[in-house]
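I have a structure I would like to understand better, so I am pasting it below and will then ask my questions one at a time.
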2 protein chains.
Amino acid sequence: MAKAHKRDRRVTISDLAQAAGYSKTAVSFAFNDPGRISAKAFGIITETAKKIGYVPSPTARHLSLQRHQAIGLLLPQQVDTALQNPYIVHIIQGLGMACHDDTYTISLIPPIEESLSEAVRRAAVDGLITLGMHAEMRAVEVMEQRRIPFVTIDGIPSDMMPCVNSSDEQAAYDIMKLVLSFGHRTIAVVSIAGEGEPPKSYDRSVIELRMQGYLRALQEEGVPFDSPDLSIYEQECSLAGGAAAAHVIMKESCRPTVVVCMSDIMAIGCQLELLKLGIQVPDEISLVGHDDIDMASAVAPGITTVRQPGRMKGLVAAQMLLQLIAEAPLEQSRVTVPYSIIKRGSLCQRS
Amino acid sequence: MAKAHKRDRRVTISDLAQAAGYSKTAVSFAFNDPGRISAKAFGIITETAKKIGYVPSPTARHLSLQRHQAIGLLLPQQVDTALQNPYIVHIIQGLGMACHDDTYTISLIPPIEESLSEAVRRAAVDGLITLGMHAEMRAVEVMEQRRIPFVTIDGIPSDMMPCVNSSDEQAAYDIMKLVLSFGHRTIAVVSIAGEGEPPKSYDRSVIELRMQGYLRALQEEGVPFDSPDLSIYEQECSLAGGAAAAHVIMKESCRPTVVVCMSDIMAIGCQLELLKLGIQVPDEISLVGHDDIDMASAVAPGITTVRQPGRMKGLVAAQMLLQLIAEAPLEQSRVTVPYSIIKRGSLCQRS
DNA sequence: TTGTAGGCGTTATCAA
DNA sequence: TTGATAACGCCTACAA
């Protein structure tokens, strides 16, 4: 009567111990370290377990072991919004690759009522991956209080926080250099308009870094910021934004020979619109993008672009995190993953 | 000496209770039900909490409350593979939309050593979303033993298991009907080759249902299965598979006027290859696909296709699951989410 | 090899 | 309003 008052209680280790005629310890061993009990005991216990339908409670194990076998990805926005960004999907894939062998699970953790720190408080994970500078101080504080290790992707390299970055500035510099090497001198740059706080797809700092890279390359070639040959636009990061850019550009008195877009999605939108307007791409106007999303290789001509190594970043970050969780020392706490430039048909020699 | 032997123990509710000069109960109330203690007590406790850096342990709460505030998505493959399928990404977005308000977290749960049931055993979630028929019996058994509610997406409607489906057969029927209404009578169908056990992107049953839908429509219009005007191919579900289809089709003595592909990715691959071969799309050969992936609207001409309501399915499934978790009755345990046909440029009147 | 008992950090019950 | 104390279900020294 003391215990069996609820008919549909889930079956616990005690139930199994009783049913099998062994102690809880024996049962525990049967599941976690069979070598420590007799073969007979093991047989009886597993048999009985099957019979009465016993499944060890993960939660109880977690509490007891102080470990979840899970890592979390702290998202700057709600899940549905975040996953609209293919880059984030790539990162998750990378995390998955790293977690595969160690059978860690991945938790998608959006802010709770706008608050990342609140999300961190409640996260039942062994470690966290953080995106961008959104690792606001409050959240970092909580992670430290909770002693949860974390690795930041695309964060601002600082302090002792482990992070995985790619050289955005350099990548932008490189592709602009490529553009210039093709003889282009009348250039339109389409930057990303940052609407709202957390920009839909990109961190503000990334946008700035890319712009700096562009300008550095231009400067080197003697195209200063205020050159009449250089026009800079800001558009929403979408196909529509790219299309809008196409229209604006066509109205320019001094039409550019190349459009340098800060994202493939805009480049593709722009290219489709230019084609629709009867402009030959790349013959009349060349185009380059950024990110190498799937679509970039699917459109005709393919978009010359910079490949964001999202998967690689996720993979490396997760590996580092797993190290930290295991309390193993990190070889390096600041990793830079290389970009690569993908050459396709959208960029050609200036005609 | 009994307790304070570890210097870096994380601070617990007892520590706070002691530091604040109240009982654990009072502390618990301060965090969960402040109305039940005096304002003064609340003030002191929260103040002290901040000072000593106390954060309630989620795990301990989970064990105590028997609830995780998390749902899991049971993936048929590893995370990186699964997320290559945009349809699955859409589903996750849908889950995210549903979880937003209730601040549930989403766990991505891949099989553990090929075993879904093992993954279910260890999942620390309040409920599970299951994909396709991959909810093999063993996994279902474990869910029942653990008393974890679940909802299946694209599963085989059966028994009492709640599920969210879309009428694949009907959708295929509809698009084939559309094709026929445009006057096409010489038709190539490109089906999906099922390589390996869990097909890369599609459940076997979905493929069969779509084929059935195609055939039903054809039959109605007097194009029987063995008509010389109908040729059926099987290709890998990829751009390359579509391209391969294009080549095979062009070698046919009786060239079709339309290619009906079971997936957009194949349709796009096919279209790009046809264009490369100098075939006019849609004038010489029309094309239709299935799924309405992002790319389908980006290529030129756009692919006429059937929109897989992935987000909607995820949303509905998660809402149902949340109901089940709350032990609220389900309005209906079998929901069918409607497809819609998206008309774009790739399909035109037979010339 | 097996069992006893204490700990993991909360929440919930029920007196005081 | 407050505070002991018993769950929650498992793991694991330590003892037998």
Salt bridge (Lys or Arg N to Asp or Glu O under 4.0 Å): which pairs involve residues 23-47 of chain A, sequence neighbours left out? none
Could you pull out all donor-acceptor pairs under 3.5 Å where a side-chain atom in residues 102-110 of chain A meets a protein atom, sequence neighbours excluded?
from      : atom 1 : to        : atom 2 : distance (Å)
Ser107(A) : OG     : Ser107(B) : OG     : 3.4

Using a distance-only criterion (donor-acceptor N/O pair, under 3.5 Å, no hydrogens), is the base of dG9(C) paired with the side chain of Ser14(B)? no
Only counting residues at least two apart or in another chain, list the ones meeting salt bridge (Lys or Arg N to Asp or Glu O under 4.0 Å) with Arg146(B). none
Please list residues of residues 30-40 of chain A whose heavy atoms come under 4.0 Å from any atom in DNA chain C, ordered by number; otherwise none. Arg36(A), Ile37(A), Ser38(A)
Please list, chain by chain and in numerical order, all residues satisfying side chain to side chain donor-acceptor pair (under 3.5 Å) with Gln69(B), sequence neighbours excluded. Arg67(B)
Sequence-distant partners of Glu118(B), side chain to side chain contact (heavy atoms under 4.5 Å, CB included), two or more places apart: Ile112(B), Ser115(B), Arg121(B), Arg122(B)
Got a list of side-chain donor-acceptor pairs under 3.5 Å for residues 313-327 of chain B, not counting sequence neighbours?
from      : atom 1 : to        : atom 2 : distance (Å)
Lys313(B) : NZ     : Tyr87(B)  : OH     : 2.6
Lys313(B) : NZ     : Asp154(B) : OD1    : 2.6
Lys313(B) : NZ     : Ser166(B) : OG     : 2.7

Heavy-atom contacts under 4.0 Å between residues 46-59 of chain A and DNA chain C, which residues? none
Using five pairs at each end of the helix from dT1(C)-dA16(D) to dA16(C)-dT1(D) to define an axis, what is the angle between those two axes, to 10°? 40°
Specify the residues of residues 15-26 of chain A, ordered by number, for which at least one heavy atom lies under 4.0 angstrom from an atom of DNA chain D. Lys24(A), Thr25(A)
My understanding is that only residues two or more places apart in sequence, or in another chain, count here; which of them pass salt bridge (Lys or Arg N to Asp or Glu O under 4.0 Å) with Asp15(B)? Arg9(B)
The criterion is side chain to side chain contact (heavy atoms under 4.5 Å, CB included); which residues satisfy it with His68(A), sequence neighbours excluded? His62(A), Ala70(A), Ala124(A), Asp126(A), Thr59(B)
